Amino acid sequence: MRLGYYLSSLTRSELENLMNELNLSDDEETVFWCLSKGRSNVATADACRCSVATVSNRIAHIKYKVEKVMKNTEKY
């Protein structure tokens, strides 16, 4: 799954509902919203003031959580 494409396809209310179910850290929330807006990893790293490797790590964590929620519920 391409997480950025998936998140950018959701409506604002769907994104908010999904985010509430994911139990994201503050740093992961920032990455989540950047991805939902279609930002690149480099642009996201600039917004978060961290490295691209850190953004990639946070994306992996978010992706794991999204897949877990999707597996448990079929509404996304």
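Just so it is clear, the model here is predicted, and its values are computed rather than measured. Counting from 1, the numbers follow the sequence of the chain as shown.
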Going from [atom1] on [X] to [atom2] on [Y], what distance comes out if it is rounded to the nearest 0.5 angstrom?
| X | Y | atom1 | atom2 | answer |
| --- | --- | --- | --- | --- |
| Glu67 | Asn72 | CD | CG | 12.0 Å |
| Leu10 | Asn17 | CG | CG | 10.0 Å |
| Glu28 | Cys48 | CD | SG | 11.0 Å |
| Glu14 | Ser36 | CD | OG | 12.0 Å |

Only counting residues at least two apart or in another chain, list the ones meeting side chain to side chain donor-acceptor pair (under 3.5 Å) with [X].
| X | answer |
| --- | --- |
| Glu16 | Arg12 |
| Ser13 | Thr11 |
| Thr54 | Ser51 |
| Asp46 | none |

(message) How close do Leu7 and Leu35 get, counting heavy atoms only, and between which atoms?
(response) CD1-CB, 3.9 Å

(request) Return the minimal non-hydrogen interatomic distance between Ile62 and Phe32, and the atom names on each side. (result)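 Smallest heavy-atom distance, with atoms named: CD1-N, 3.9 Å.
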
(request) Return yes when atom CG of Asn20 has more than 12 non-hydrogen atoms of other residues, nucleotides or ligands closer than 6.0 Å, and no otherwise. (result) yes

(request) Go through the structure and list residues passing salt bridge (Lys or Arg N to Asp or Glu O under 4.0 Å) with Asp27, not counting sequence neighbours. (result)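 Partners of Asp27 under the salt bridge (Lys or Arg N to Asp or Glu O under 4.0 Å) test: Arg58.
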
(message) Looking at Glu29 and Asp26, would you say the former's side chain and the latter's main chain have a donor-acceptor pair under 3.5 Å?
(response)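 Not confirmed, Glu29 side chain does not pair with Asp26 backbone.
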
(message) Assess the residue pair Cys50 and Val55 against the criterion (side chain to side chain contact (heavy atoms under 4.5 Å, CB included)); give the C-alpha distance rounded to whole Å, side-chain angles, the decisive distance to 0.1 Å, and a yes or no.
(response) CA-CA 7 Å; Cys50 63; Val55 169; 3.6 Å; yes

(request) Would you mind listing the cluster partners of Val52? Hydrophobic ones only (ILVMFWY), side-chain contacts under 4.5 Å, chaining allowed. (result)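 Its cluster mates, by chain and number, are Val42.
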
(request) Using a strict cut-off of less than 4.0 Å between a Lys/Arg side-chain nitrogen and an Asp/Glu carboxylate oxygen, indicate whether Lys65 and Glu21 qualify as a salt bridge. (result) no

(message) Within the 4.5 Å heavy-atom criterion, are Tyr6 and Met70 side-chain neighbours or not?
(response)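 With C-beta onward as the side chain, the pair touches.
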
(message) Suppose we screen for side chain to side chain contact (heavy atoms under 4.5 Å, CB included). Which residues come up paired with Ala47, at least two apart in sequence or across chains?
(response) Cys34, Arg39

